[in-house]
Amino acid sequence: MKYFAESELIINEDGSIFHLHLLPEQLAQKIILVGDPGRVSLVASHFDTIECDVQSREFHTMTGSYNGKRISVVSTGIGCDNIDIVLNELDALVNIDLKTRTEKEKFTSLTLVRIGTCGGLQENTPVGTYIASEKSIGFDGLLNFYNGRNEVCDLAFEQQFKEHMHWNSLLCAPYVIDADKETLERVAGKEMVRGVTIACGGFFGPQGRELRIPLADPKQNEKVESFEYNGHRITNFEMESSALAGLARLLGHKALTCCMVIANRRAKNVNASYKNSIDGLIQLVLDRI
Ligand code: R1P
Ligand code: URA
């Protein structure tokens with residue numbers, strides 16, 4: 001049986017997992033992930049009861065019940081590097097016995113739905129649109145560090161995309177990964193556009209935003225917007241969906257990202273007061289998770 005050494009699986013003195021500071025019994029099997037720690041209490045304001053509220057760094061967790069369902073809401077902060085921490089620690093909480101530091105015999109599958117914000121790239125994704133990421137393209141490189149990456153990714157899509165973009169060899173290889181199909185069908189319904197999301201390792205340069213530093217490829221977003229593969233067009237940019245879908249797949253969990261468009265990069269408009277309007281998306285996910 002595989003033993004996870006103290007340096008590899010770090011556990012706090014109170015028995016909680018290192019970064020999230022959670023004990024196994026504090027986590028539900030249905031989990032909503034949000035980027036902004038402030039969004040956690042907005043989601044939990046819909047709960048009928050709250051059983052725990054734990055804060056550690058950018059990771060804020062509240063577990064409670066909503067219409068008879070036990071749900072945890074966890075903030076990840078910004079970026080795929082945090083998703084690496086959150087997904088590995090959530091999985092450890094349910095699939096590793098933290099006392100014996102060995103894998104449990106019985107596997108527990110988690111359902112993970114991310115509620116985020118994003119930038120829209122097409123005419124059919126104006127500000128206010130809800131987009132469910134049917135596929136994600138990872139510009140972040142995270143999945144390339146894990147064995148099994150080629151077995152779970154859409155290699156033909158990746159090849160076409162790299163050719164279309166004239167992919168710069170200085171960048172890490174993009175990876176293309178699907179959301180869990182059953183979760184997508186159940187949660188997206190008619191209210192969400194099914195899209196292809198690029199998850200970037202940054203908000204500015206990697207998403208083609210140029211402030212004072214010129215971009216390495218000023219034509220990146222034009223090429224992204226015109227790319228088409230088997231009827232799929234790229235709909236939006238955000239920063240976590242590929243790492244979430246990829247790690248969930250490798251670990252055996254079900255994951256989906258749903259985002260509200262707060263900036264349309266084509267029309268060049270924005271809703272900076274989106275915090276007042278993301279509740280509609282939260283409500284849909286709570287009802288369907
Ligand atoms: C950037 O502003 C952040 O917003 C988006 C991006 O993915 C990134 O995390 O999602 P959240 O609103 O969930 O943080
Ligand atoms: N989040 C992003 O990552 N990009 C945007 O344009 C808006 C929100």
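Remember, it's 1-based here, ligands and their atoms both numbered in the order they're listed. On a predicted model such as this, the values are computed, not experimentally measured, just so you know.
Near Met239, meaning under 4.0 Å from any of its heavy atoms, are these atoms of ligand 2: 3 (O). Within ligand 2, the atoms closer than 4.0 Å to a non-hydrogen atom of Arg209 are 4 (N), 5 (C), 6 (O), numbered from 1 in the order shown. Against a heavy-atom cut-off of under 4.0 Å, Gln207 is close to the following atoms of ligand 2: 2 (C), 3 (O), 4 (N), 5 (C), 6 (O). Listed by number with element, the atoms of ligand 1 under 4.0 Å from a non-hydrogen atom of Gly116 are 13 (O). If you number the atoms of ligand 1 from 1 as listed, the ones under 4.0 Å from a heavy atom of Arg39 come out as 11 (P), 12 (O), 13 (O). Within ligand 2, the atoms closer than 4.0 Å to a non-hydrogen atom of Glu238 are 3 (O), numbered from 1 in the order shown. Of all the atoms in ligand 2, the ones that sit under 4.0 Å from a non-hydrogen atom of Cys118 are 1 (N), 5 (C), 7 (C), 8 (C). Short contacts between ligand 1 and Glu238, defined as distances under 4.0 Å to a heavy atom of the residue, involve ligand atoms 7 (O).
The protein heavy atom nearest to atom 2 (O) of ligand 1 is Phe203 CE1, 3.6 Å. The nearest protein atom to atom 1 (N) of ligand 2, hydrogens excluded, is given as Thr117 O, 3.6 Å; this is a heavy-atom distance. Protein heavy atom nearest atom 5 (C) of ligand 2, with residue, atom name and distance: Gly119 N, 3.4 Å. The single protein non-hydrogen atom nearest to atom 6 (C) of ligand 1 is Glu240 OE1, 3.7 Å, given as residue, atom name and distance. Remark: minimum distance from atom 13 (O) of ligand 1 to any protein heavy atom is reached at Arg114 NH1, 2.7 Å.
Side-chain polar atoms of Asn236 and Thr125 form no donor-acceptor pair below 3.5 angstrom. Residues Thr197 and Ser133 bring a donor and an acceptor atom of their side chains to less than 3.5 Å of each other. Residues Asp279 and His46 have side chains that bring a donor and an acceptor to within less than 3.5 angstrom of each other.
With Lys30 contributing its side chain and Thr111 its backbone, the two residues share no donor-acceptor pair below 3.5 Å.
The pair Arg249-Glu151 fails the salt-bridge criterion, with no side-chain N (NZ, NE, NH1 or NH2) lying under 4.0 Å from an Asp/Glu carboxylate O. Between Arg265 and Glu225 no salt bridge is recorded (no basic side-chain N to carboxylate O distance below 4.0 Å).
Linking ILVMFWY side-chain heavy atoms closer than 4.5 Å, directly or via other members, places Val43 and Val54 in two distinct hydrophobic clusters.
No N or O atom of Val34 sits closer than 3.5 Å to an N or O atom of ligand 1. Of the N or O atoms in Gly35, one or more lie within a sub-3.5 Å distance of an N or O in ligand 1. The shortest N/O to N/O separation between Thr117 and ligand 1 falls below 3.5 Å.
Residues Leu98 and Leu93 meet the side-chain proximity criterion, which asks for heavy atoms closer than 4.5 Å.
The number of heavy atoms from other shown groups lying within 6.0 Å of CZ (Arg266) is above 12.
Between Phe157 and Phe227, the ring center distance clears the sub-6.0 Å criterion.
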